[in-house]
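First up is the structure itself, then whatever we jot down about it.
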Amino acid sequence: MKKGIIVLLAVIIVAAGVFVFSSKYREKENSQVETSAVYEPEEHTVTEESHDGVIAECKEADYKLVIEGKKALVIHGEYTVDMTKYYNIFLKEAPTFHCFDFDGDGEKEVILRRLYQQTRGSSGNVIDKSYKLYIFVMRKKNSTGESYLGYREASSDLWKYTFENYITCEFTQLKSCEKFLQFAMNNKGEEIKYDEKTGITDNKYSGYASAAKSQLGEYYTLDKWSKGLGTYSIDDEGNITLDIQVLASYKESDLVEEIGFIRCSVAYDDKSGFSIVPNTIVFIPRDDKRVADPREDAKSKWSTSLTNLSQSPASDTHIIDWIENSFDVSSMNESESRYFSELDSQIKFLDSIVFNQDGIVLTAKENYTFASNIVNTQRFTITAKLDGEKNYDIGYKCSVDTAGTKEVLTITFDKSYDKAELKDLSISFAG
């Protein structure tokens with residue numbers, strides 16, 4: 001990793017391994033994304049307006065949610081569950097039924113997923129939602145032995161209890177590169193250790209996400225982080241997942257942003273109810289905050305140069321303010337020559353491009369200069385498909401110098417990369 005480079009915490013990469021906890025945590029039964037966000041609390045009051053009809057149904061298991069006047073009822077054969085206290089929520093967004101063998105006993109159970117909370121931005125648009133789950137179970141009254149239909153809830157208390165009692169999580173910013181935000185996790189009571197020079201942890205589990213930048217392209221300093229909304233989802237195979245927002249705030253700004261979420265698998269059994277499955281907790285960055293793992297540097301130094309054989313095209317401007325192109329750096333020879341005139345953008349005005357493990361050096365043709373407003377505000381993007389599917393932001397800083405009579409734009413990576421990793425690398429330098 002380059003010395004002297006301050007990297008801002010970048011988007012967290014999902015670790016391939018799983019984090020092993022020493023305890024199996026069980027929850028007992030019944031147990032803001034932007035500064036202008038408006039929180040809408042859960043409503044329990046019934047509106048004056050009345051409605052009628054089925055708003056959700058599971059024909060396979062004979063379950064339906066019916067609105068009758070000002071009541072909300074779940075009906076299953078001869079059994080009825082009164083869920084009128086969620087009437088307004090059901091009208092705001094219709095819930096969904098899910099029928100699977102959730103506890104592995106060979107028989108299918110039914111879960112109702114309904115809106116719990118949502119936040120709106122200053123423009124009034126919904127910017128995030130969370131959901132609760134209810135699983136329906138047959139019970140018997142202690143007094144008479146009569147059967148009745150009840151339900152158990154997977155609420156926000158499920159994950160709060162687990163993280164408060166069994167898991168330690170920390171969010172920090174690397175010393176070696178301010179771009180990287182680092183998420184570390186360990187068993188409760190076990191210390192999370194960091195390298196004194198880099199700030200990188202050697203902990204069992206860690207992930208990374210990109211910090212926010214100012215309008216001048218300077219990375220903000222992490223101030224605080226918190227867990228936001230937790231939302232449950234169920235896939236087509238009946239797997240239950242809980243995603244918990246991770247929010248970050250900064251010392252230089254009022255910005256509070258979602259940088260990703262903590263994802264956990266959720267299990268259910270009739271004895272213990274809903275619980276987070278040990279060894280399934282990972283951090284997922286938001287797509288635009290995704291970054292590589294800073295612990296994995298290039299194995300060796302390398303360099304490849306690309307020379308432009310085209311003459312300077314006729315142009316009314318000698319200011320370069322638009323470079324867009326993609327390269328397969330991994331397949332390049334140490335030295336190659338091409339005709340840039342066949343490419344779009346002002347890449348035609350370059351004399352050469354040099355790629356190496358630490359960044360990219362672009363040399364302009366004589367009498368051409370790089371737009372100072374773009375350099376001063378760091379308006380550039382370098383992305384690479386490191387895993388073959390997802391784009392990672394790997395750029396860090398750019399600066400302009402001179403080499404003889406020519407201007408040179410140097411763009412540094414956030415860490416060093418092997419040549420083989422840069423199979424699909426894209427450059428954008430634009431106003």
Side-chain angles (χ1 to χ4, degrees), residues 27 29-31 39-44 46 51 53-67 71-76 79-105 107-120 126-139 149-162 227-245 261-270 272-277 280-281 284:
E27 169 63 314
E29 186 175 358
N30 299 324
S31 27
Y39 169 70
E40 292 186 351
E42 183 178 1
E43 301 173 43
H44 291 298
V46 178
H51 299 263
V54 177
I55 64 170
E57 189 171 14
C58 177
K59 292 183 178 180
E60 178 184 1
D62 187 26
Y63 274 80
K64 56 186 175 182
L65 176 59
V66 178
I67 298 296
K71 289 187 176 183
L73 306 172
V74 171
I75 300 175
H76 173 57
Y79 301 99
T80 300
V81 179
D82 190 337
M83 301 189 79
T84 300
K85 65 179 179 178
Y86 307 125
Y87 178 92
N88 286 349
I89 296 295
F90 292 154
L91 295 183
K92 183 174 294 185
E93 180 176 303
T96 55
F97 282 110
H98 303 267
C99 181
F100 293 96
D101 180 11
F102 291 105
D103 60 4
D105 65 353
E107 297 182 4
K108 291 184 177 181
E109 293 80 35
V110 173
I111 284 180
L112 182 73
R113 180 177 184 259
R114 65 99 175 167
L115 179 67
Y116 173 49
Q117 300 172 357
Q118 62 185 17
T119 52
R120 293 183 182 272
V126 176
I127 54 181
D128 228 303
K129 297 180 179 182
S130 64
Y131 293 84
K132 280 188 177 181
L133 304 180
Y134 303 88
I135 192 164
F136 294 94
V137 291
M138 295 303 302
R139 292 288 186 252
L149 184 65
Y151 61 84
R152 304 178 78 169
E153 174 184 327
S155 67
S156 58
D157 291 337
L158 171 66
W159 63 265
K160 290 179 180 178
Y161 178 89
T162 300
K227 304 180 192 74
L229 299 179
T231 188
Y232 293 90
S233 59
I234 303 174
D235 67 17
D236 293 338
E237 297 180 354
N239 299 306
I240 305 172
T241 300
L242 169 62
D243 289 336
I244 307 163
Q245 280 183 312
F261 51 91
I262 299 169
R263 173 168 290 173
C264 324
S265 293
V266 176
Y268 173 80
D269 66 66
D270 192 55
S272 303
F274 291 98
S275 62
I276 292 177
V277 181
T280 66
I281 303 175
I284 311 288

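Position 1 is the first residue of the sequence; numbering continues from there. In this text, all values refer to a predicted model and were calculated from it rather than measured experimentally.
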For D236, I'd like to know if atom CG has over 12 heavy atoms of other residues, nucleotides or ligands within 6.0 Å. no
Between Q245 (side chain only) and L229 (backbone N and O only), is there a donor and an acceptor less than 3.5 Å apart? yes
Please round to the nearest 0.5 Å and tell me the distance separating atom CD1 of I240 and atom NE2 of H98. 9.5 Å
Set of residues satisfying salt bridge (Lys or Arg N to Asp or Glu O under 4.0 Å) with respect to K129, sequence neighbours excluded: E93
S265 and T280 have their tightest heavy-atom pair at N-OG1, 3.1 Å
Closest approach of A72 and D82, non-hydrogen atoms and distance? O-OD1, 3.6 Å
Roughly how far, to the nearest 0.5 Å, is OG of S130 from CG of L115? 7.0 Å
If I compare all heavy atoms of A61 with all of V110, which pair ends up nearest, and what's the gap? CB-CG2, 3.5 Å
F100 versus Y268: any side-chain heavy-atom pair under 4.5 Å? no
Below 4.5 Å, heavy atoms only, C-beta onward: do I234 and L133 meet side chain to side chain? yes
Which atom pair, heavy atoms only, marks the closest approach of C58 to F97? CB-CB, 3.6 Å
dist Y87:OH -> I67:CD1 (nearest 0.5 Å) comes out at 6.0 Å
CD1 (I135) and CG (D269) are apart, to the nearest 0.5 Å, by 10.0 Å
Could you check whether R113 and Y232, counting side-chain N and O atoms only, form a donor-acceptor pair closer than 3.5 Å? no
In this structure, CD1 of I262 is separated from CD1 of I281 (nearest 0.5 Å) by 8.0 Å
Might you point out which heavy atoms bring I75 and V66 nearest each other, and give the distance in Å? CD1-CG2, 4.0 Å
Above 12 or not: heavy atoms from other molecules or residues under 6.0 Å from NZ of K227? yes
Could you grab the distance from atom CZ of F90 to atom OG1 of T84, nearest 0.5 Å is fine? 9.0 Å
Can you spot which of V266, N239, T241 makes a side-chain contact (heavy atoms from CB on, under 4.5 Å) with S233? T241
Y86 vs Y134 aromatic rings, parallel, tilted or perpendicular, using cut-offs 30° and 60°? tilted
When you measure from the side chain of D101 to the backbone N and O of D105, does any donor-acceptor pair fall under 3.5 Å? yes
With the side chain counted from C-beta on, respond yes when M138 and Y79 share a heavy-atom pair under 4.5 Å apart, and no when they do not. yes
Find out whether F274 and I111 are in side-chain contact, i.e. whether some heavy atom of one side chain is under 4.5 Å from a heavy atom of the other. yes
For D62, which residues count as a side chain to side chain contact (heavy atoms under 4.5 Å, CB included) partner, sequence neighbours excluded? H76
Do M83 and R114 make a side-chain contact, defined as non-hydrogen atoms from C-beta onward lying under 4.5 Å apart? no
Just wondering, do I89 and P95 contact through their side chains at under 4.5 Å, heavy atoms? no
Do F261 and I244 come close enough that some side-chain heavy atom pair is under 4.5 Å? no
